[in-house]
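Heads up: the structure comes next, in structure tokens.
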Amino acid sequence: MSEGLHTATEAQVNVFTPEELLARRDHVEPLVANGVRCHGGFDSAGAYFSPRTLHRLPAIAAWQARLAADGHSLVDLDRSLLPPQYPNEDQAILLMREGITEPIVRAVTVISIVEGFGAIIRDVRVPDLRALLVEPVEGTALAHLDQGLFEAHARDEAGYRDEGGHKQMWEAARDLAFDNPKIPGDVLMRIMGRRGRNGARERRFPQIDEKLERMAATMAQVYVIEVFAERIFEWGKAVLGHDDVSAHPKEAADMVSFIQADEKPHVEYLRTALSELAARTVRTEDGGTIPGRWLVHGYLHGILDQMIRSRPEDQRGETGDALDDALQGHASADSIRQAFEGLARDWTPPERTGFELELDRAK
Ligand SMILES: [Fe+2]
Ligand SMILES: [Fe+2]
């Protein structure tokens, strides 16, 4: 057993039921986004609070405290790895000033659809971690993934029953900023077309349980996406909240900031569970073991290395065609294009992801 990992009895205080992890705080006023009842709400002072956080946030804090007390650190991504949003804030505002809104409406619609895809997290299968890991998992985030954490995450992203989630909140932010614009009909189709080109994922650790590997890989991927989203929120607030170009700057920017606040528990539970896994020992199918760090850092490195290179290009693909179409036949197409390109800022992905060392050891 790794030094410092707590015993089952010590951990019992950090055990929660799914009902607790899904429980909401009482609100005075619900969040209604452009006519759609959404999750979350406002307290008596008018401050927004996120859905399903009554016990979830304190639980995550307790698991993190336990991890720290055991002498383990939380995984973290260097923020210099975050690729810029395309088109960038200044470029988006320029287009909107010129009345060329379709590419930006499209970009925000892509964001709303991708948020809705987040619901797939509830389909991640959690294997028997007690059998597959050498150290105990009682009282950890790992032990609660299928006990409310994945379900809460899925509901936050895609909405639940008659309550909207992030998908509907981004749609509301878009519709507020652009005053109920016409939505291009082919957004989802184009996303699916691009996604279809990504082939099946190869197994990096064929010596361990396949379900465990798949779970770790998906969590690492979703964690990276959640952290990268920080850029999207800053972009959303700056563009949809811009006084000159947004129809309802304050309401639209507020909506984006509510979504941003709701992402905190996602980032935190994912990095807690990944760190707990990294701190443990994984049994291999042939009776041996490998350090959990190999698995967690190996996947984080692989995903980051690929995403920091492909994401800027993917985003260009998603909105670049729409920009070409929008400029076609525009009386000032050339000067707008020139101004647009003049606002571009070069970005080179960093040389290192910060997770290389463990990958080398895993070879
Ligand atoms: Fe979200
Ligand atoms: Fe999220």
Side-chain angles (χ1 to χ4, degrees), residues 16-60 105 108-124 144-185 187-188 191-192 222 225-226 229 232-233 236-237 240 247-248 250-267 269-270:
F16 299 84
T17 64
E19 291 70 32
E20 285 172 327
L21 292 177
L22 290 164
R24 68 188 318 155
R25 282 175 56 183
D26 288 334
H27 57 251
V28 172
E29 204 190 315
L31 170 64
V32 178
N34 213 23
V36 180
R37 167 85 170 84
C38 289
H39 65 210
F42 301 91
D43 64 18
S44 53
Y48 176 76
F49 55 80
S50 297
R52 300 172 265 274
T53 49
L54 180 63
H55 299 294
R56 191 165 43 142
L57 281 175
I60 295 168
V105 168
V108 181
T109 305
V110 168
I111 295 168
S112 75
I113 290 173
V114 173
E115 285 267 13
F117 284 162
I120 59 153
I121 196 86
R122 66 158 61 91
D123 298 325
V124 174
H144 291 82
L145 294 173
D146 58 356
Q147 298 297 312
L149 287 176
F150 282 160
E151 183 59 31
H153 187 164
R155 293 182 187 184
D156 289 354
E157 304 294 15
Y160 185 65
R161 298 198 172 142
D162 55 353
E163 251 180 32
H166 292 172
K167 178 177 192 295
Q168 293 78 13
M169 288 161 80
W170 272 107
E171 289 168 354
R174 173 198 67 197
D175 296 345
L176 283 163
F178 293 93
D179 228 351
N180 298 309
K182 187 173 167 296
I183 311 304
V187 182
L188 179 61
I191 296 177
M192 297 313 279
V222 176
I225 291 172
E226 292 275 347
I232 301 180
F233 293 115
K237 286 187 289 187
L240 306 184
H248 298 93
K250 167 135 180 31
E251 292 91 332
D254 280 352
M255 192 60 63
V256 176
S257 69
F258 300 153
I259 308 170
Q260 184 172 26
D262 298 347
E263 302 296 358
K264 185 178 182 331
H266 301 174
V267 170
Y269 93 83
L270 285 168

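- In this structure, CE in M255 is found 8.5 Å from OH in Y48, a value given to the nearest 0.5 Å.
- To the nearest 0.5 angstrom, T53 atom OG1 is 11.5 Å from L21 atom CG.
- In this structure, the separation between CD1 on I183 and CG on D175 is 5.5 Å, given to the nearest 0.5 Å.
- The main-chain N or O of G165 is found under 3.5 Å from a side-chain atom of Q168 such that the two form a donor-acceptor pair.
- Shortest non-hydrogen contact noted between K167 and S112 is CG-O, 3.4 Å.
- In this view, E263 and H166, H266 satisfy the side chain to side chain donor-acceptor pair (under 3.5 Å) rule, not counting sequence neighbours.
- W170 CH2 to F233 CZ: the interatomic distance, rounded to the nearest 0.5 Å, is 6.0 Å.
- The shortest heavy-atom contact between A173 and A252 is O-CB, 3.7 Å.
- Among all heavy-atom pairs drawn from F49 and D43, the shortest one is CE2-N, 3.6 Å.
- At most 12 heavy atoms of other shown residues, nucleotides or ligands fall within 6.0 angstrom of atom CG in D26.
- Between N180 and N34 there is a side-chain heavy-atom pair separated by less than 4.5 Å.
- Residues V124 and D146 form no side-chain contact, since every pair of their non-hydrogen atoms from C-beta on lies 4.5 Å or further apart.
- R37 has a carboxylate O that lies under 4.0 Å from a charged side-chain N of E163, or vice versa, which qualifies the two as a salt bridge.
- S44 and V28 get closest at one heavy-atom pair: N-CG2, 3.5 Å.
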Could you give me the CA-CA distance, side-chain angles and deciding distance for M169 and E115, then say whether side-chain contact (heavy atoms from CB on, under 4.5 Å) is met? CA-CA 10 Å; M169 288 161 80; E115 285 267 13; over 6 Å; no

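- The shortest side-chain heavy-atom distance between L22 and R155 falls under the 4.5 Å cut-off.
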Between L240 and F178, does a side-chain contact (heavy atoms from CB on, under 4.5 Å) hold up when you go through it step by step? CA-CA 8 Å; L240 306 184; F178 293 93; 3.7 Å; yes

For D262 and E157, what are the C-alpha separation, side-chain angles and deciding distance, and is it a side-chain contact (heavy atoms from CB on, under 4.5 Å)? CA-CA 9 Å; D262 298 347; E157 304 294 15; over 6 Å; no

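- Considering all non-hydrogen atoms of both residues, H55 and A23 come closest at CD2-CB, 4.0 Å.
- The two residues L176 and H248 have their closest heavy-atom pair at O-ND1, 2.8 Å.
- Taking CD1 of I121 as the start and CG of L270 as the end, the distance is 6.0 Å to the nearest 0.5 Å.
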Criterion side-chain contact (heavy atoms from CB on, under 4.5 Å) on E171 and V36, from CA distance to verdict: CA-CA 10 Å; E171 289 168 354; V36 180; over 6 Å; no

Begin from the C-alpha positions of R52 and D156 and carry the test salt bridge (Lys or Arg N to Asp or Glu O under 4.0 Å) through to its verdict. CA-CA 8 Å; R52 300 172 265 274; D156 289 354; 2.9 Å; yes

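- Partners of Y269 under the ring pair (Phe, Tyr, Trp, His ring centres under 6.0 Å) rule, at least two apart in sequence or in another chain, are H153.
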What's the verdict on salt bridge (Lys or Arg N to Asp or Glu O under 4.0 Å) for R122 and E151, showing C-alpha distance, side-chain angles and the deciding distance? CA-CA 5 Å; R122 66 158 61 91; E151 183 59 31; 2.9 Å; yes

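- When side chains are defined from C-beta on, C38 does not count as touching V32, because their heavy atoms never get closer than 4.5 Å.
- The structure places OG of S50 at 7.0 Å from NE2 of H39, a figure rounded to the nearest 0.5 Å.
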